[in-house]
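Worksheet for the structure shown next.
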Amino acid sequence: MIESLQRAARRLLVGGLGLAVVAMLIIWSWPGAGTVFEIALFTGTGVGLPGAAGIFLPVGDSTASVRDVHPPVAGRWLALNSPASRVPSHGTRSYGQAYAIDLIHDPLPGAPSTRPVPGEGPGMRPASDYPGFGQPVLAMVTGTVVRVTDGARDHRSRTRVWSLLYLYVEGALRDIAGTRQVLGNHIVVDAGDGCFALVAHLARGSALVRVGDRVEAGQPVGRCGNSGNSSEPHVHAQLMDRAEATSARGLPLRFTGIRIDDAPPADGLPATGQHLTTS
C-alpha cells in the first residue's frame with residue numbers, strides 16, 4: 001500500500017512541478033497571459049509539494065529469509081546497485097527493487113570485446129557497442145512464466161554527464177508512464193511459493209519463453225539489452241512477493257556457485273564494484 005502511495009506521490013511531484021514550470025515560463029515571457037496561467041502555477045505547485053512529501057513515507061523491508069537462486073548470467077559481470085552494499089539497493093523500494101541488483105558484462109582486458117570506459121567517448125553509444133548486449137539471460141528459479149514484455153526498443157547508452165542528466169529527466173517521465181517504461185523488456189517467473197523472479201532491460205524481441213511456459217533454473221529466457229530506464233546494456237535481477245512489480249515488495253536473494261572477484265566458488269552476492277564470475 002505504501003509503495004503504491006510513493007509511486008503516486010512521484011507522479012504528483014513530476015506532473016505538478018512540470019505544470020508549474022510551464023505556467024511560470026509563459027507568465028514570464030507573456031506578461032498579459034492572464035490569470036489562468038497564474039492559477040496553473042499555484043495549482044501545479046500545490047500538487048507537486050505534497051507529492052514531494054509523499055515520496056518519503058516510511059516503509060519496511062521484507063522479513064523473508066535470503067533465497068538462493070541461480071545467477072541470471074554466465075561469465076564475468078560487474079555488480080552495481082547491489083543489496084550487499086545497501087538496502088534499498090537502487091535508492092527506492094518501488095517496483096519491488098529493495099534487493100535488486102544490476103549486472104554489467106565486463107570481460108577481462110584483452111578479450112575480443114571489452115566494455116567502453118564510462119565517461120569516455122560518445123555520450124550515447126549504440127547498445128551493440130557493449131559486450132553485454134545480446135548475452136544470454138537465465139532463469140533464476142524453476143517455475144512458470146507469468147509475464148513477458150518484449151517490444152520495447154533498445155536505446156543508446158547514457159554514459160557522459162550530460163547524457164546522464166538526460167537519463168534522470170527521462171527516468172522521471174518513464175516513472176509516470178509505468179512499469180513497462182521503467183523495466184523495459186522483462187520476464188517474471190513464478191516459483192510457486194510466493195516468490196517471483198524478475199529479469200529486466202532485455203533486448204527487444206529476445207524473449208525465448210511465453211506466459212505459461214515451464215522453465216528450469218539456469219535455462220536461457222532472453223538476452224541482455226538496453227530497454228527501459230537503463231544507462232547501458234545490463235541485466236537487472238530481483239525477487240518479489242507478487243507478479244506485478246508495481247505493487248510488489250522485494251525479497252532478498254543470493255546467487256549459487258559464483259566466484260566473487262578472486263574468491264573460490266561459493267553462494268553469495270557481490271557488493272557494488274565487485275565482479276562475479278560463473279561458468
Side-chain angles (χ1 to χ4, degrees), residues 69-82 89-90 95-97 100-107 111-118 121-140 145-160 163-164 166-168 170-171 173-175 177-189 196-211 213 215 218-240 245 255 275-276 278:
V69 299
H70 194 286
V73 293
R76 184 176 186 263
W77 295 71
L78 173 67
L80 294 179
N81 301 318
S82 172
S89 58
H90 285 58
Y95 303 106
Q97 296 182 96
I101 186 170
D102 291 331
L103 300 170
I104 297 175
H105 191 41
D106 191 25
S113 178
T114 56
R115 177 191 176 206
V117 178
M124 292 187 175
R125 297 175 181 267
S128 57
D129 282 3
Y130 291 81
F133 186 73
Q135 288 292 316
V137 177
L138 315 176
M140 292 190 287
V145 177
V146 291
R147 290 189 185 277
V148 177
T149 299
D150 195 40
R153 69 183 180 89
D154 294 288
H155 56 72
R156 289 175 175 264
S157 67
R158 320 284 196 236
T159 53
R160 297 295 294 270
S163 57
L164 285 173
Y166 176 86
L167 175 68
Y168 294 144
E170 180 184 46
L173 297 176
R174 287 182 181 277
D175 197 38
T179 307
R180 291 189 178 186
Q181 289 299 318
V182 173
L183 298 176
N185 300 317
H186 60 281
I187 294 172
V188 179
V189 177
F196 297 80
L198 177 148
V199 286
H201 306 311
L202 306 182
R204 188 179 201 172
S206 72
L208 301 174
V209 294
R210 297 181 179 181
V211 172
D213 286 353
V215 298
Q219 175 182 331
V221 294
R223 294 190 177 275
C224 176
N226 199 43
S227 58
N229 193 35
S230 172
S231 59
E232 67 177 271
H234 73 284
V235 177
H236 173 103
Q238 67 185 52
L239 300 183
M240 314 178 292
F255 298 140
H275 287 85
L276 74 81
T278 72

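Quick caveat: nothing in here was measured; it's all calculated off a predicted structure.
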Starting at CZ of Arg153, measure out to OG of Ser227 and round the result to the nearest 0.5 Å. 10.0 Å

For residues Leu202 and Ile187, determine if any side-chain heavy atom of one lies less than 4.5 Å from a side-chain heavy atom of the other. yes

Given side chains that start at C-beta, do those of Arg115 and His105 come closer than 4.5 Å, heavy atoms only? no

Is any side-chain heavy atom of Gln219 closer than 4.5 Å to a side-chain heavy atom of Val209? yes

Taking C-beta and beyond as the side chain, do Met140 and Phe255 meet within less than 4.5 Å on heavy atoms? yes

About how many Å separate CG of Asp106 and NE2 of His234, when rounded to the nearest 0.5 Å? 14.0 Å

Which value, rounded to the nearest 0.5 Å, describes the distance between His275 atom NE2 and Leu103 atom CG? 10.5 Å

Taking the inter-plane angle between the rings of His236 and His201 on a 0 to 90° scale, is it parallel (under 30°), tilted (30 to 60°) or perpendicular (over 60°)? perpendicular

Would you say the side chain of Arg210 lies within less than 4.5 Å of the side chain of Val145, judging by non-hydrogen atoms? no

What distance separates Asn226 CG from Asn185 CG, expressed to the nearest 0.5 Å? 10.5 Å

At what distance, to the nearest 0.5 angstrom, does CD1 of Ile101 lie from CH2 of Trp77? 12.0 Å

Check: Val221 and Asp213 side chains under 4.5 Å, non-hydrogen atoms: no

Atom CD in Glu232, atom CZ in Phe133: separation rounded to 0.5 Å? 13.0 Å

Would you find a donor on one side and an acceptor on the other, under 3.5 Å apart, between the side chain of Asp150 and the backbone of Ala207? yes

